[in-house]
Participant: 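Sharing a structure, written as structure tokens. Questions coming.
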Amino acid sequence: MRSRCPSQNQAQRPAWRTSSYSGAHGDCVEVATNLDATVPVRDTKQRGDAHQPTLVFPREAWARFVTHVRPQEGATG
């Protein structure tokens, strides 16, 4: 019987998603929030080239960043 659990290598692969604030003209940013300790960020145009740089942030730093830039409920302006 084969296990259906992913291997550790598969579990640690980034699951990329495009930011909801990305534009339609190729100026998109992708993030992967499925990793335990880090959040990698890349330009969508780099998707097919593993040799292009990816920014990697500690999960705590990413959470602070998102909290800071996310619009707060009830905020105007």
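The figures here come from the full heavy-atom set of this structure, side chains too, leaving out hydrogens, waters and symmetry mates.
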Participant: Of all residues at least two apart in sequence or in a different chain, which pass the side chain to side chain donor-acceptor pair (under 3.5 Å) check with Q46?
Facilitator: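 By the side chain to side chain donor-acceptor pair (under 3.5 Å) rule, Q46 matches no residue at all.
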Participant: Quick check: closest heavy atoms across C28 and T44, and the distance to 0.1 Å?
Facilitator: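 Distance-wise, the nearest heavy atoms are CB-OG1, 2.9 Å.
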Participant: Mind running side chain to side chain contact (heavy atoms under 4.5 Å, CB included) on V29 and D43 for me, showing each step along the way?
Facilitator: CA-CA 5 Å; V29 174; D43 186 322; over 6 Å; no
Participant: Is it the case that the side chain of N34 and the backbone of A15 share a donor-acceptor pair, with hydrogens and angles ignored and the cut-off at 3.5 Å?
Facilitator: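 Checking the backbone N and O of A15 against the side chain of N34, a donor-acceptor pair under 3.5 Å is found.
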Participant: Roughly how far, to the nearest 0.5 Å, is CZ of R47 from CZ of R42?
Facilitator: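 Nearest 0.5 Å value for the CZ-CZ distance: 6.5 Å.
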Participant: Using side chain to side chain contact (heavy atoms under 4.5 Å, CB included), reason through V41 and E30 one step at a time and then give a plain yes or no.
Facilitator: CA-CA 6 Å; V41 180; E30 294 181 330; over 6 Å; no
Participant: Please output the side-chain donor-acceptor pairs of residues 53-64 that fall under 3.5 Å, not counting sequence neighbours, one pair per line with the distance.
Facilitator:
residue: R59; atom: NE; partner: L35; partner atom: O; Å: 3.3
residue: R59; atom: NE; partner: D36; partner atom: O; Å: 3.2
residue: R59; atom: NH2; partner: T33; partner atom: O; Å: 2.7
residue: R59; atom: NH2; partner: L35; partner atom: O; Å: 2.5

